[in-house]
Amino acid sequence: SEKGFHNPIGAFRRKVVYRYEIQKRKKEQQMIYRNFQDMKLSALGMGAMRLPVIDGDDSRIDVETAEKMIDYAMSQGINYYDTAWGYHNGNSEIVVGSALQKYPRDSFCLADKFPGYDLSNMDKVEEIFEEQLKKCKVEYFDFYLFHNVCEMNIDAYLDPKYGIYDYLIAQKKAGRIRHLGFSAHGNYDVVKRFLDAYGKDMEFCQLQLNYLDWKFQGGKEKVDLLNEWKIPVWVMEPLRGGRLASLEEKDEAALKELRPDEKIPAWAFRFLQSVPSVTMVLSGMSSMEQLQENIRTYAEDKPLNEKEMDCLLSIADGMLEKKVLPCTACHYCVSHCPQELDIPELLALYNEHCFTEGGFIAPMTLSSYPKEKLPSACIGCGSCQAVCPQQINIPEAMHDFAQKLNL
């Protein structure tokens, strides 16, 4: 008799049935796949940072709904699942690992990350990695990342005393990591430093990339840099935390004129389908409806033509113009600042913080700054504003920034 997974024969039979059902359902849908080395990955991956939760409590995942979503994703051909140590207060790995247990191990790819976003973890790479395998109930990770390479942690990531790089390379050689990569929220220079140190061993890079951040966060320049290294791009935040799921009425009308049947969120995915080096697009879906809609989008590969691309990027420019200061990084201000502040960089972080209406990028980046280089170090002399071609009230911006971040 079969009594589920406590009976080895029963467990084997169930996995055979699941494999048959998955193959049967795959024939009924048309998920796009991308080539990665000798693998075929679903072009849409399921991110597990925004799983459904109970009563708005991020630490309390709605396990039943999450498992149903993963079952549906598997049935529709999604074969890439991304989790991390800190997602849902540490519970994402547990839920995702348990939900995937019913499936044959070679039917899905599981990605996890070393949590270097917290500097207190830097000397715990072995302890954390072993615990992650246990939480996810697997013997190896298909993909593993240095998590969130940025200004705050780049020095620690590159410091050999922590042994992070050496340990992860050893796990790769042992087969416990199949493919090693990194995710980055840092600026171009940070990404370049990381690549100069470890790029020869990096197989993929995960970036916050969408048509808004193509210019706003220097997405294009980072992609070009990765192309030089021949490193494929994984995408996070394709909808910018949902901000690109709906637009102003006039912008939606302009897009509808070009593609009457295309839904607004799908435009963000079509943009990414137009970037040749993008291999994997991760979407953190928190409801079955979002999952189903994204899967429908990824039944087709419909990259943008030149006219459509120009229209979409123009809409992004319009969104930014209304909320950000028009700094062109000419650096005239820097040479006149008695405090020698990196004003263009501070204004870029200020713009990011204002547009996002908060978020972690600005405070995370500024945590690496010495006190005398923070926006609060501005003395309000106005020397910068006097030479600014855009006539930006820089002292006012610095004061507002310092108040927003309580610096």
Side-chain angles (χ1 to χ4, degrees), residues 5 36 39 41 45-51 53 58-61 63 66-67 69-70 73-74 78-150 152-153 156-157 159 161-185 194 198 201-206 234 236 280 282 284 360:
F5 293 108
F36 173 73
M39 307 170 69
L41 300 176
M46 185 170 180
M49 186 176 74
R50 296 189 178 99
L51 295 172
V53 298
D58 190 62
S59 66
R60 298 176 61 202
I61 298 172
V63 176
E67 288 185 348
M69 289 174 64
I70 290 173
M74 287 291 291
I78 292 179
N79 63 8
Y80 191 99
Y81 298 84
D82 172 273
T83 187
W85 181 257
Y87 292 173
H88 291 287
N89 285 17
N91 293 318
S92 174
E93 291 169 323
I94 297 170
V95 171
V96 171
S98 295
L100 290 171
Q101 271 287 291
K102 67 182 74 168
Y103 298 100
R105 184 63 184 88
D106 62 355
S107 67
F108 63 87
C109 294
L110 181 61
D112 210 334
K113 312 174 186 78
F114 173 71
Y117 55 82
D118 183 346
L119 293 177
S120 68
N121 291 329
M122 290 300 182
D123 60 351
K124 301 181 178 71
V125 60
E126 181 175 0
E127 173 189 336
I128 288 173
F129 184 80
E130 295 295 341
E131 183 64 20
Q132 287 176 311
L133 289 173
K134 292 176 183 176
K135 289 173 70 177
C136 292
K137 300 181 180 178
V138 293
E139 295 181 353
Y140 65 90
F141 290 114
D142 302 274
F143 295 83
Y144 198 82
L145 298 84
F146 292 80
H147 197 175
N148 187 17
V149 176
C150 64
M152 177 262 300
N153 60 27
Y157 265 142
D159 193 331
K161 76 179 181 182
Y162 294 116
I164 299 168
Y165 167 80
D166 291 338
Y167 180 80
L168 296 182
I169 289 294
Q171 300 317 302
K172 187 172 186 294
K173 289 178 179 178
R176 302 172 87 201
I177 294 172
R178 300 293 170 87
H179 302 284
L180 185 62
F182 70 106
S183 68
H185 281 287
F194 189 84
Y198 300 149
D201 296 305
M202 295 299 106
E203 299 174 77
F204 64 104
C205 174
Q206 192 165 302
W234 266 226
M236 53 184 164
M280 169 61 56
L282 294 166
F360 67 93

Can you tell me how far [atom2] of [Y] sits from [atom1] of [X], rounded to the nearest 0.5 angstrom?
| X | Y | atom1 | atom2 | result |
| --- | --- | --- | --- | --- |
| Ile128 | Leu133 | CD1 | CG | 12.5 Å |
| Lys137 | Glu93 | NZ | CD | 13.0 Å |
| Ser98 | Glu67 | OG | CD | 7.0 Å |
| Thr83 | Gln132 | OG1 | CD | 8.5 Å |
| Leu168 | Glu126 | CG | CD | 11.0 Å |
| Met202 | Leu180 | CE | CG | 4.0 Å |

Please confirm whether the backbone N or O of [Y] pairs with a side-chain atom of [X], one donor and one acceptor, at under 3.5 Å?
| X | Y | answer |
| --- | --- | --- |
| Asn148 | Ala184 | no |
| Ser92 | Met49 | no |
| Tyr117 | Gly86 | yes |
| Ser107 | Pro104 | yes |

- line: Between Phe146 and the options Phe204, Tyr198, Phe114, the ring-ring contact (aromatic ring centres under 6.0 Å, His included) test singles out Tyr198
statement: Residue pairs passing the salt bridge (Lys or Arg N to Asp or Glu O under 4.0 Å) test with at least one member in residues 112-125, sequence neighbours excluded, are Asp82-Lys113
field: salt bridge (Lys or Arg N to Asp or Glu O under 4.0 Å) partners of residues 168-184, not counting sequence neighbours, each pair once
entry: Glu130-Arg176, Lys172-Glu203
Quick one: ring pair (Phe, Tyr, Trp, His ring centres under 6.0 Å) partners of [X], sequence neighbours excluded?
| X | value |
| --- | --- |
| Phe182 | Phe194 |
| Tyr162 | none |
| Tyr81 | none |
| Phe108 | none |

[X] ring center near [Y] ring center (under 6.0 Å):
| X | Y | result |
| --- | --- | --- |
| Trp234 | Phe36 | yes |
| Tyr157 | Tyr165 | no |
| Phe141 | His179 | no |
| Tyr80 | Phe143 | yes |

task: Take Asn79 and Met74 through the side-chain contact (heavy atoms from CB on, under 4.5 Å) test and state the conclusion after the steps.
output: CA-CA 6 Å; Asn79 63 8; Met74 287 291 291; 5.8 Å; no
query: Among side-chain atoms of Gln171 and Tyr140, is any donor-acceptor pair under 3.5 angstrom?
result: no
field: Mutual orientation of the aromatic rings belonging to Phe129 and Tyr167 [parallel < 30°, tilted 30-60°, perpendicular > 60°]
entry: perpendicular
Heavy atoms only: give me the nearest [X]-[Y] pair and the separation to one decimal.
| X | Y | value |
| --- | --- | --- |
| Cys109 | Met39 | SG-CE, 3.4 Å |
| Gly47 | Leu282 | N-CD2, 4.5 Å |
| Val125 | Gly163 | CG1-O, 4.2 Å |
| Ile78 | Gly45 | CG2-CA, 4.3 Å |
| His147 | Pro115 | CB-CA, 4.2 Å |
| Ala111 | Leu145 | CB-CD1, 4.4 Å |

[X]: partners by side-chain hydrogen bond (donor to acceptor under 3.5 Å, both in side chains), with sequence neighbours left out:
| X | result |
| --- | --- |
| Ser183 | none |
| Asp159 | none |
| Asp58 | His88 |
| Asp142 | Arg105 |

query: For Val53 and Arg60, what are the C-alpha separation, side-chain angles and deciding distance, and is it a side-chain contact (heavy atoms from CB on, under 4.5 Å)?
result: CA-CA 5 Å; Val53 298; Arg60 298 176 61 202; 5.5 Å; no
- prompt: Mind checking what makes side chain to side chain contact (heavy atoms under 4.5 Å, CB included) contact with Lys134, not counting sequence neighbours?
  reply: Glu131
Counterpart residues, side chain to side chain contact (heavy atoms under 4.5 Å, CB included), relative to Asp166 (two or more places apart): none
- request: Evaluate the side-chain contact (heavy atoms from CB on, under 4.5 Å) criterion for residues Val96 and Met46: first the C-alpha distance (whole Å), next the side-chain angles of each, then the deciding distance (0.1 Å), finally the verdict.
  value: CA-CA 10 Å; Val96 171; Met46 185 170 180; over 6 Å; no
